[in-house]
Amino acid sequence: MKKLIIPVILVSLGTGAAFATSAKSNDIKAPVTAYRVVEVGPNQTICVDAQQTCSDLEGPICTWSVDPSVKLHRFDTPTMCGDFLYKVPQL
């Protein structure tokens, strides 16, 4: 009986690790509409649709196709953009 317990535990751990690895590699998130920050006055900004999609899967920061110096964000409120978004990963 004791000889059977250790192999069963090892097989269970291996199976769990295999499923965890498979789940992590399939962690591709849906494209997210990107927004850019536009200044409309002194200390006043608005969040404008950049008409571009990015990803929230970490990687290189997504930039606006019209002006690559502009980093794109997630929408938060009309007057404030949220976190940076990332380039859509190539599969």
Side-chain angles (χ1 to χ4, degrees):
M1 183 70 174
K2 288 182 183 181
K3 291 181 180 182
L4 183 64
I5 292 175
I6 292 176
V8 168
I9 290 173
L10 291 176
V11 169
S12 298
L13 288 174
T15 304
F19 281 117
T21 302
S22 176
K24 183 64 178 170
S25 66
N26 293 332
D27 190 24
I28 297 174
K29 298 185 180 178
V32 178
T33 302
Y35 291 81
R36 59 189 176 90
V37 177
V38 176
E39 288 189 35
V40 293
N43 297 323
Q44 294 180 335
T45 61
I46 58 173
C47 201
V48 177
D49 186 350
Q51 297 182 349
Q52 189 172 325
T53 56
C54 297
S55 171
D56 46 7
L57 185 64
E58 286 196 33
I61 292 181
C62 192
T63 56
W64 192 26
S65 59
V66 176
D67 180 359
S69 68
V70 177
K71 296 176 182 174
L72 299 178
H73 302 260
R74 171 187 303 282
F75 183 81
D76 196 12
T77 68
T79 58
M80 186 174 125
C81 290
D83 297 330
F84 285 119
L85 291 172
Y86 305 97
K87 292 182 180 178
V88 175
Q90 302 299 316
L91 299 178

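Predicted model, so just to flag it, every value in this text is computed and none were measured.
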Point-to-point distance, once rounded to the nearest 0.5 Å, from NZ of K87 to SG of C54: 9.5 Å
Please list all pairs passing the ring-ring contact (aromatic ring centres under 6.0 Å, His included) test where one or both residues lie in residues 38-71, with sequence neighbours left out. none
N/O donor-acceptor pairs under 3.5 Å from side chains in residues 65-73, not counting sequence neighbours:
from : atom 1 : to  : atom 2 : distance (Å)
S65  : OG     : Q52 : OE1    : 3.4
D67  : OD1    : S69 : N      : 3.2
D67  : OD1    : S69 : OG     : 2.7
D67  : OD2    : S69 : OG     : 3.3
H73  : ND1    : G82 : O      : 3.0

Under a single-linkage rule joining Ile, Leu, Val, Met, Phe, Trp and Tyr whose side-chain heavy atoms are separated by less than 4.5 Å, which residues share a cluster with I61? F84, Y86
Remaining members of the apolar cluster that contains M80, side-chain heavy atoms under 4.5 Å: none
Kindly give the heavy-atom pair with the smallest separation between C81 and D76, and that separation in Å. C-CB, 3.8 Å
Between side-chain atoms of residues 32-40 and protein atoms elsewhere (two or more places apart, or another chain), which donor-acceptor pairs fall under 3.5 Å?
none

